[in-house]
Peer 1: 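I am attaching a structure below and will ask some questions about it afterwards.
FYI, the numbering just counts along the sequence from 1. Whatever order the structure lists ligands and atoms in, that order sets their numbers, starting from 1.
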Amino acid sequence: MEKKESRPLPHELERMASKERQKHLEERMREIIDYAYEKAPAVKERFDRAGIKPIEIHNVKNLEMIPMLRKDDLIALQKANPPFGGYLAVPIDSLERIYQSPGPIYDPQRKRGFGTGGGMGSDFGKGQIVMNTWSYHVTPAGLGVDQLLRSMGFTVVPMGTGNTELQVQVMHDLKVHGFVGTPSFLNTIINRAEEMGYNFKKDFNLKWAMVGGEMGGELLRKLFQEKYGILCMGGDTYATSDVGTVATGCEKQSGMHITTDAVVEIVDPATGKQLGLGEEGEVVVTPFDEVYPLIRFGTGDLSMMTDESCGCGRTTPRLTKILGRSGEAVRVRGMFVHPKQTDEVIAKFPDIRRYQLVVTRPQNRDDMVLKVELANGAIDKEKLKNALDKSFKDTCKVRFDRVEFVTEGSIAEGAKRIVDERVY
Ligand SMILES: [Zn+2]
């Protein structure tokens, strides 16, 4: 694909008026669809089977016509047609690297790697040593981030995962400025350093951390900043090994700005139809990727989009946070209920031994019953019901219809916590 001379740079796209940016993104979207249809046999086959021509896709809304490509589809396609399932749009011998992620799924290295550097120059990190603790083996995270950091001028120590004591030693000896990895691993390193007798704040030089990759990192970020004076940069980054970076946090830490290198949709996982701002749905990505153009890749992750203005000056919409995996959640009356949320509710009630949430759909209305097995049958059930109702409503933002107390053993050990029995 020829790059057009007039094309705005990522940091320009990130700051322009939404309508204007949309125009540019849709132009690139049409280009990548034409290109993928021509170069990647699996894309052509998918379009042909659905009776769609690339020329029919003019705007983001039109993407709904294209069936979503799910991780399971990709696994099956790769198995039937190894290694890339017909999605590779360039000759295989032109690839620099090939990665593998669980599935197994093979991922060709893409040019853009992980993150965009936010338009920062190559001198940005000059004179600073950074420890990269993402895995360098097989998966794309370590090498992708390594490439990005070096392009920004940082000196990188390719630590990879594990070996906490060695990490402590290197961080101390090299007076490392920056840490890249998960918040929990940084926490482990700090704890180990303290166990080894160091005073982390005094004996180490760690000034900032770019942490992400797991849910619930907010508390640790706060701890790093307040207790150790470590500036947590960039908030979270949301990337998958299949489509690369989807969204990156900014210094305002109010969600993750969506990349300008892809079209990102939030859809109802059941129908593939796009949802509005502020509605929970599955993140679907169409990266502008000439190597591996996965069109409408369903990440299986649930999130929500907002276009409220951000103090950092970027005008790109943001993902609020990743709410969970769509395969485990059910959408009831417009809201997702996730086993993580129901576990959180039930954990507050020690008298409950097991539970199961059953969703049915009599007379075209979602009906939700919370089945409960008690550890102690003598308790005040009415009181428990009311407390459950309140707690469930607070956490899941939707109400169950009733509680059903079932006899001991009715719910099998290891049974699914949320059962969807709806028939449409
Ligand atoms: Zn921002």
Peer 1: Please list, in chain and residue-number order, the protein N/O/S atoms closer than 2.8 Å to the Zn ion (ligand 1).
Peer 2: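 You should have found C250 SG, H257 NE2, C310 SG, C312 SG.
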
Peer 1: Taking only residues two or more places apart in sequence, or in another chain, which ones meet S101 in a side-chain hydrogen bond (donor to acceptor under 3.5 Å, both in side chains)?
Peer 2: D107, S241

Peer 1: Can you give me the closest heavy-atom contact between V168 and I189, atom names plus distance?
Peer 2: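 It is CG2-O, 3.6 Å.
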
Peer 1: For E12, is there any backbone N or O sitting under 3.5 Å from a side-chain donor or acceptor partner on R21?
Peer 2: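 No, the answer is negative, given that no donor and acceptor are paired below the 3.5 Å cut-off.
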
Peer 1: Going by an N to O cut-off under 4.0 Å, is there a salt bridge joining R361 and D367?
Peer 2: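 The answer is no: the pair does not qualify as a salt bridge.
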
Peer 1: Test: ring pair (Phe, Tyr, Trp, His ring centres under 6.0 Å). Region: residues 186-213. Which pairs qualify, not counting sequence neighbours?
Peer 2: F154-W208, H172-Y198, H172-F204, Y198-F204, F200-F204, F200-Y228

Peer 1: Can you pull out every ring pair (Phe, Tyr, Trp, His ring centres under 6.0 Å) where at least one residue sits in residues 67-91? Sequence neighbours excluded, please.
Peer 2: F84-Y292

